[in-house]
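As C-alpha cells, the structure follows; a few thoughts come after it.
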Amino acid sequence: MLQFSLREMAKFLSVFSVRNLLVLSLALNVSLVLRVLVLHDSQNGSFNGFFFEKQNGPQEEAHASKRARLSSSVSSSSSSPLTMAQGDQDRVINLDHGDPTMYENYWQKKGDETTIVIPGWQFMSYFSDPTSLCWFLEPEFAKQVVRLHKVVGNAVTENRHIVVGTGSTQLFQAALYALSLKTEAEPVSVVSAAPYYSSYPVITDCLRSGLYKWAGDARSFSKNGPYIELVTSPNNPDGFVRHSIVNRSEGILIHDLAYYWPQYTPISSPANYDLMLFTVSKSTGHAGMRIGWALVKDEDVAKRMTKYIELNTIGVSKDSQLRAATVLKVISDSCERSDEEGDSFFEFSYRLMAKRWKQLREAVHQSGLFSVPDFPPQFCNFLIRVFEPQPAFAWVKCEGEIEDCESFLRGKKILTRGGKHFGVSPKYVRISMLDRDNNYDTFVERMSTIQS
C-alpha cells in the first residue's frame, strides 16, 4: 500500500476544491448503489425500474418482443384502475387543443413501414420542380394526395392545381392573399357562420392587412361589396356539415375540409369546390409534420397562393413532404388491401372515434349537467355503412344555471375552449376527442361524476 506523509496528503488535497471532492464522493456512492442493484436481481434483469438487457437467443428475443407489443397494446388501450386511483383524479386534463395523439397507437403498430432515410446530400435545392406551377411541391407528395382522395372518394382532384403549405393555416392565409382584390378601396370582408373556428379572426387580422379584414358572423353580415366566406365542413367546433350562408354574387368561398374524412363523418360524395383546404394533422394524425394542401380550380388563384408561400417561407420543407407522402401511401395501401385483421387506417380510426363518442354520451347522460349535439345518420360510400358523424371535437353545453362552462370545467381540472372564442355563448365549450387514451378515459370518467 502507498504511504502518504501529512505534507504529501495536504499537497494532494490542495489540487481539489470542496466541490470536486463532493462530486467524487457522489460518484463513488452511485457506483456502489448500482453495483448492489445489479447483484441483487441479475437473474431477472430488473430492479425498481432499472432494466439491464441480457443476451438472449433468437427464441427468447422473439418472446420478449411479443410480450413488449402485448404490454404496449394493453397499457395504451385503457387506463388501469390502479393508475386512476393513484393520481389521475387530481390531474389537470388539457383538451383545449386538437392535438391528434390518439393516432400514435396505430402508427406504432405499423413499425418501419413509414420510416424514411434521407441522405445529407439529397433535396438540398429550394426547387422541387421548377417547371411546375407550385415549384416547391414534391411530385411524390402530389401523387399520393391524388391517390388518397381517389381511394376515399372525398374530393375531386381532376382539373385542380395542388398547392402545398406549412399546414392548412398557411394555406388559409395564402388563399386570403390570392382572393383579395387589390383594386378595392377598402379591405375585403372575411366572414364565417358562428360557431366558427376560433383561429379564423386571429389569423385574418394578425397582420392588419390592407387587403382583407375579419367581419364576423356570416349570418349577420349585410355589407355590400366583395366578401370572402369561410365554409368549414364538417364544422370546427360543432361537427355539423356546413354550406355557404351569405350567397351573394360578389362572394368568394374557401372550403376548409380538414375533417372530411371517414373517421369523422360519412363520405357522401366527392367535394367539388373551387378552393378546398386539407391537412395531414387531422387526416393522419401527424400534426408535427406541418403539411397541408389546397386543391385549387383557378390557375391564377393557385399562382397567387404559390407566390404568397414563396414570399412567406420560400417554399415548404421537402423532408416533411416526403415523410407525408410515405404516410399517405401506407394509408392508401391499407385501404386497398382486403385485410381481415382491420389493418385499414380509416377502419381503425372510425372504430376508435365511435368508442369515444359512446363513452362521452354515456358520461354526459350519467352526469345530467351537460348536453352534446345529435347528428343525423348518413350512408358512407367509403366504409359502406350508415353511421352518425363522430367529430374530432365535442361541442358541449353546460345546462341549467352554469353560465360559463369553460370556467366551470376548469374548476374540475378540465381545460377546454369556451364558446366566446367561437362567436357564441359561454355556456358552450369545445373539447378535443383526439388525445391519448389515458387522458381521454380519465376525462370521461371525471365528466360522469360531476353533479350539480
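Keep in mind that the numbers below use all heavy atoms, side chains included, and drop hydrogens, waters and symmetry copies.
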Exercise. Passes side chain to side chain donor-acceptor pair (under 3.5 Å), Ser198 versus Arg417? Steps please.
Worked result: CA-CA 9 Å; Ser198 57; Arg417 191 171 300 185; 2.7 Å; yes

Hey, can you pull the donor-acceptor pairs under 3.5 Å for the side chains in residues 157-164, sequence neighbours left out?
{"from": "Arg160", "atom 1": "NE", "to": "Tyr273", "atom 2": "O", "distance (Å)": "3.4"}
{"from": "Arg160", "atom 1": "NH1", "to": "Glu158", "atom 2": "O", "distance (Å)": "3.3"}
{"from": "Arg160", "atom 1": "NH2", "to": "Asn272", "atom 2": "OD1", "distance (Å)": "2.4"}
{"from": "Arg160", "atom 1": "NH2", "to": "Tyr273", "atom 2": "O", "distance (Å)": "3.3"}

Exercise. Any idea how Phe127 and Trp135 line up, ring-wise: parallel (<30°), tilted (30 to 60°), or perpendicular (>60°)?
Worked result: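 Taking Trp135 first and then Phe127, their aromatic rings sit tilted (interplane angle of 30° to 60°).
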
Exercise. Which class fits the ring pair Phe370 and Phe408: parallel under 30°, tilted 30 to 60°, perpendicular over 60°?
Worked result: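 Tilted: the ring planes of Phe370 and Phe408 meet at 30° to 60°.
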
Would you check if the side chain of [X] reaches a backbone N or O of [Y] as a donor-acceptor pair within less than 3.5 Å?
| X | Y | result |
| --- | --- | --- |
| Thr114 | Lys110 | no |
| Ser168 | Gly292 | no |
| Asp112 | Thr115 | no |
| Asn94 | Asp96 | yes |
| Tyr196 | His421 | no |
| Ser283 | Val280 | yes |

In chain order, what residues pass the salt bridge (charged side-chain N to carboxylate O under 4.0 Å, His left out) check against [X], with sequence neighbours excluded?
| X | value |
| --- | --- |
| Asp404 | none |
| Arg410 | Glu406 |
| Lys427 | none |
| Glu250 | none |

Indicate whether the side chain of [X] and that of [Y] have a donor and an acceptor atom separated by less than 3.5 Å.
| X | Y | value |
| --- | --- | --- |
| Arg248 | Asn224 | no |
| Asn105 | Arg436 | no |
| Thr232 | Arg242 | no |
| Asn312 | Tyr177 | no |
| Asn247 | Ser244 | yes |

[X]: what forms a side-chain contact (heavy atoms from CB on, under 4.5 Å) with it, not counting sequence neighbours?
| X | answer |
| --- | --- |
| Glu140 | Lys143, Gln144, Ala325 |
| Ser349 | Tyr103, Gln263, Phe345 |
| Phe240 | Asp238, Pro373, Phe375 |
| Val92 | Lys413, Leu415 |

I need the [X] [atom1] to [Y] [atom2] distance, nearest 0.5 Å.
| X | Y | atom1 | atom2 | answer |
| --- | --- | --- | --- | --- |
| Leu176 | Leu211 | CG | CG | 9.5 Å |
| Leu257 | Leu295 | CG | CG | 8.5 Å |
| Cys335 | Lys150 | SG | NZ | 15.5 Å |

Exercise. In this structure, are over 12 heavy atoms from other groups packed under 6.0 Å from Tyr428 atom OH?
Worked result: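 Count not over threshold, so no.
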
By the salt bridge (charged side-chain N to carboxylate O under 4.0 Å, His left out) test, which pairs, at least two apart or in different chains, include something from [range]?
| range | result |
| --- | --- |
| residues 372-395 | Glu347-Arg385, Arg361-Asp374 |
| residues 207-236 | Glu186-Lys223 |
| residues 304-325 | Lys307-Glu310 |

Exercise. Do the non-hydrogen side-chain atoms of Val152 and Pro262 ever get within less than 4.5 Å of each other?
Worked result: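 Counting from C-beta outward, Val152 and Pro262 do come under 4.5 Å.
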
Exercise. Do Leu360 and Ile431 have side-chain heavy atoms sitting under 4.5 Å apart?
Worked result: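 The answer is no; the side chains never approach within 4.5 Å.
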
Are [X] and [Y] an aromatic pair by the rule of ring centers under 6.0 Å?
| X | Y | result |
| --- | --- | --- |
| Tyr227 | Phe221 | yes |
| Trp261 | Tyr350 | no |
| Tyr260 | Phe278 | no |

For this session: Take Asp256 and Tyr200, measure what side chain to side chain donor-acceptor pair (under 3.5 Å) needs, and give me the verdict at the end.
Result: CA-CA 11 Å; Asp256 186 345; Tyr200 281 158; 2.9 Å; yes

For this session: Tell me, with the steps shown, if Glu104 and Lys109 meet salt bridge (Lys or Arg N to Asp or Glu O under 4.0 Å).
Result: CA-CA 9 Å; Glu104 287 174 346; Lys109 293 175 183 177; over 6 Å; no

